[in-house]
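Here is the structure we will look at, set down as structure tokens.
In listed order, ligands and their atoms are each counted from 1. Basis for what follows: all heavy atoms, side chains included, without hydrogens, waters or symmetry-related copies. Along the sequence shown, the residues carry numbers beginning at 1.
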Amino acid sequence: MTNTTPASQLGDMPPAEFRRFGHQLVDWIADFFERIDSVPVATSMQPGELRSQLPQAAPFMGESMEAVLSDIDRLIMPAMTHWNHPANFAYFNSSGSSPGILGEMLSAAFNVNCMTWQSCPAGTELEQVALDWLRQLLGLPCDMWGIVYDTASSASMHAIAAAREHVAGLNVREEGMCGRPDVPRLRLYASEQAHMSIDKGALTCGIGLRGVRKIPLDDSFRMRPERLQQAISEDRNEGWLPFCVVATVGTTSTTAIDPVPEIASICRREGIWLHVDAAHGGIAAIDPGMRHVLDGCEQADSIVVNPHKWMFVPIDLSAFYTRRPDVLKRAFSLVPDYLKSEHDSKVENYMEYGVALGRRFRALKLWFVLRYFGAGGLARRIREHLRLAGMFAGWIDGHQEFERLAPVPLTTVCFRAHPKGIDADERLNNINDRLMNAVNASGSMFITQTKLDGTTVLRLVVSHLRTEEANVRAAWQLLQDKLNEVMAVR
Ligand code: PLP
């Protein structure tokens with residue numbers, strides 16, 4: 001291949017070339033969005049298939065951008081699961097909206113490191129402003145201070161570290177936890193349906209998986225506050241030190257909303273840090289009619305919501321709020337000489353509030369999305385998702401061969417096929433696994449499963465920006481057609 005890049009010289013791609021390929025790529029993206037309905041949402045590719053088509057080492061001579069971009073269609077597209085597809089109903093699907101993509105592009109162009117105010121004043125101050133706008137939209141109190149982390153997992157890990165720092169006399173920051181007979185075993189509480197990121201946060205912070213006590217659920221998969229109270233009392237009697245409760249607003253499997261007001265009262269009484277994992281579900285509060293999902297969260301010590309889950313901000317951007325930034329800072333602040341500046345007493349240096357020093361200019365895409373859609377536009381889209389999910393749940397409820405397996409407080413519908421005359425759980429699990437694989441293999445929709453008490457449950461999540469009623473109708477039709485096919489093969 002002839003080398004048309006100036007790789008043999010020094011410096012970057014010339015601006016004229018960047019302009020040409022930049023335009024070409026933006027055109028490609030716009031075409032992709034225009035034709036996305038015709039692209040399979042999930043790939044039929046086998047593990048290792050893409051790798052086997054790619055060279056085992058980087059090219060020595062630079063290649064042309066033409067060659068690189070043509071491989072997107074040839075190699076990368078066939079190996080994609082499309083998260084920006086309107087028929088992606090899997091996981092907590094996330095949408096990269098066009099304004100968000102533009103913000104992301106500009107962030108890469110600036111390529112600033114928002115570790116301190118001085119390292120990029122716009123980075124710090126836009127983060128403060130965009131997070132405060134979002135806080136207001138969520139109805140959180142004005143004493144909630146915000147920071148952007150990459151993911152909810154790391155946000156919750158930071159919350160757990162802050163909760164640990166908050167325990168009087170522990171001084172883990174200076175002394176660590178190992179080999180200290182004066183440190184009791186710390187206990188963290190979360191519901192049986194809490195996200196595994198809470199366990200990961202606990203194990204990262206030296207709490208250990210045995211230090212996480214899972215609280216039983218009510219019939220709607222919500223934490224039972226009286227069982228939380230009982231667990232805390234038992235643990236205190238046995239010498240544990242309860243230090244953190246994590247409530248979930250929108251659990252991953254069913255979007256159950258833990259009773260945060262009751263949990264908050266227990267935490268206040270017991271002097272325990274309350275963190276709320278509202279990664280997906282909290283975003284619903286942007287619709288004023290759904291504010292109640294965050295009831296009680298005004299009393300939390302910290303809360304995380306993920307604009308990259310249901311607010312159309314491209315992954316990754318997680319918004320973390322705490323009423324105790326002083327404690328978070330105490331847990332993480334280290335300021336080496338080479339990062340000090342004359343402004344430090346007057347500014348926020350976000351590097352002091354977490355593990356990461358290097359911080360991308362993520363606030364830009366949040367700001368673009370908030371400004372482009374506006375509070376009203378975001379709320380309208382969330383309301384439409386609620387309507388579509390309610391419609392789908394209604395179809396499930398009205399069909400004799402399907403059944404719903406959990407309440408639908410938000411836009412995740414948990415259901416399964418339950419053909420007449422088949423009641424053995426193992427058989428039903430097998431039918432539903434095959435049904436999921438069949439609809440996913442069609443390339444026309446994508447769903448995932450979970451287990452509730454050992455039962456295979458199919459989850460259909462309506463939260464994609466581009467999902468319309470026609471997509472949900474088509475998904476429902478496909479589920480019924482594929483169930484017939486699955487049942488025809490005995
Ligand atoms: N919390 C909940 C309730 C989730 O559902 C998820 C992921 O789906 C997470 C946390 C983790 O989110 P992230 O991928 O941003 O770490």
Side-chain angles (χ1 to χ4, degrees), residues 81 83 88-96 100 134 138 146-161 188-205 212 214-215 217 220-223 244-258 260 263 274-285 293-294 297 300 302-321 354-356 359-360 362 365-366 385 406 408-414 446-452 457 459-464:
T81 297
W83 282 63
N88 188 331
F89 301 104
Y91 310 109
F92 281 144
N93 53 77
S94 65
S95 337
L134 178 60
L138 296 169
I147 183 170
V148 169
Y149 292 122
D150 53 358
T151 58
S153 303
S154 57
S156 290
M157 187 278 290
H158 284 91
I160 294 167
L188 178 150
Y189 306 84
S191 93
E192 287 171 353
Q193 284 284 321
H195 190 259
M196 59 92 174
S197 57
I198 306 308
D199 303 78
K200 278 203 184 177
L203 63 87
T204 308
C205 292
V212 180
K214 297 288 169 68
I215 304 301
L217 310 165
S220 297
F221 307 101
R222 298 174 301 201
M223 186 195 289
C244 183
V245 173
V246 179
T248 311
V249 170
T251 57
T252 313
S253 285
T254 72
T255 65
I257 298 171
D258 286 341
V260 179
I263 295 170
L274 172 60
H275 173 59
V276 179
D277 175 0
H280 171 80
I283 294 295
V293 300
L294 291 183
C297 293
S302 57
I303 177 168
V304 58
V305 297
N306 265 9
H308 80 219
K309 284 206 195 306
W310 193 9
M311 218 188 97
F312 323 129
V313 174
I315 193 164
D316 51 12
L317 193 152
S318 202
F320 177 79
Y321 295 94
V355 173
R359 306 179 71 253
R360 303 174 54 219
R362 293 191 181 88
K365 59 185 171 182
L366 177 60
H385 291 160
V408 185
L410 299 171
T411 62
T412 296
V413 184
C414 290
F446 185 38
I447 53 171
T448 44
Q449 58 80 44
T450 187
K451 293 267 190 217
L452 292 174
V457 176
R459 288 169 77 257
L460 182 134
V461 183
V462 184
S463 60
H464 200 281

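For atom 11 (C) of ligand 1, the nearest protein heavy atom (residue, atom name, distance) is His195 CE1, 3.4 Å. The shortest contact between atom 16 (O) of ligand 1 and any protein heavy atom is with Ser153 OG, 2.5 Å. Of all protein heavy atoms, the one closest to atom 5 (O) of ligand 1 is Thr252 OG1, 2.8 Å. In terms of protein heavy-atom proximity, atom 8 (O) of ligand 1 is nearest to Lys309 NZ, 3.3 Å.
Remark: the Thr412 side chain and the Thr255 side chain contain no N/O donor-acceptor pair separated by less than 3.5 Å. Side-chain atoms of His195 and Thr248 form no donor-acceptor pair, as typed in the model, at a separation below 3.5 Å.
Residue contact check: Phe92 has heavy atoms under 4.0 Å from atoms 5 (O), 8 (O) of ligand 1. Taking every non-hydrogen atom of Ser197 and a distance limit under 4.0 Å, the qualifying atoms of ligand 1 come out as 10 (C). Set against the non-hydrogen atoms of Gly250, the atoms of ligand 1 under 4.0 Å away are 3 (C). When each atom of ligand 1 is checked for a heavy atom of His308 under 4.0 Å away, the hits are 15 (O).
Contacts between Asp277 and ligand 1, counted as non-hydrogen atom pairs separated by less than 4.0 Å, involve the side chain only. The proximity of Ala279 to ligand 1, defined as any non-hydrogen pair under 4.0 Å, is limited to the side chain. Contact annotation: for Val304 versus ligand 1, there are no heavy atoms closer than 4.0 Å.
Checked against a 3.5 angstrom limit, the closest N/O atoms of Ala152 and ligand 1 fall inside it.
Here the NE2 atom belonging to His464 is positioned 12.5 Å from the OG1 atom belonging to Thr411, to the nearest 0.5 angstrom.
Distances from ligand 1 to the non-hydrogen atoms of Ser318 include no value under 4.0 Å.
Under the 3.5 Å distance criterion, the side-chain polar atoms of His158 are matched with a main-chain donor or acceptor of Val355.
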- Candidate pair His280 and Thr252, rule side-chain contact (heavy atoms from CB on, under 4.5 Å), full reasoning: CA-CA 8 Å; His280 171 80; Thr252 313; over 6 Å; no
- Task: Could you check Ser463 against His385 for side chain to side chain donor-acceptor pair (under 3.5 Å), going step by step and ending with a plain yes or no?
- Result: CA-CA 6 Å; Ser463 60; His385 291 160; 5.8 Å; no
- Before giving the answer on side chain to side chain donor-acceptor pair (under 3.5 Å), spell out for Asn306 and Ser318 the whole-Å C-alpha distance, their side-chain angles and the decisive distance to 0.1 Å. CA-CA 4 Å; Asn306 265 9; Ser318 202; 2.4 Å; yes
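Residues Tyr91 and Lys309 form no side-chain contact, since every pair of their non-hydrogen atoms from C-beta on lies 4.5 Å or further apart.
At a threshold of 4.0 Å, the pair Asp150-Arg360 does not count as salt-bridged, since none of the basic side-chain nitrogens sits closer than that to a carboxylate oxygen.
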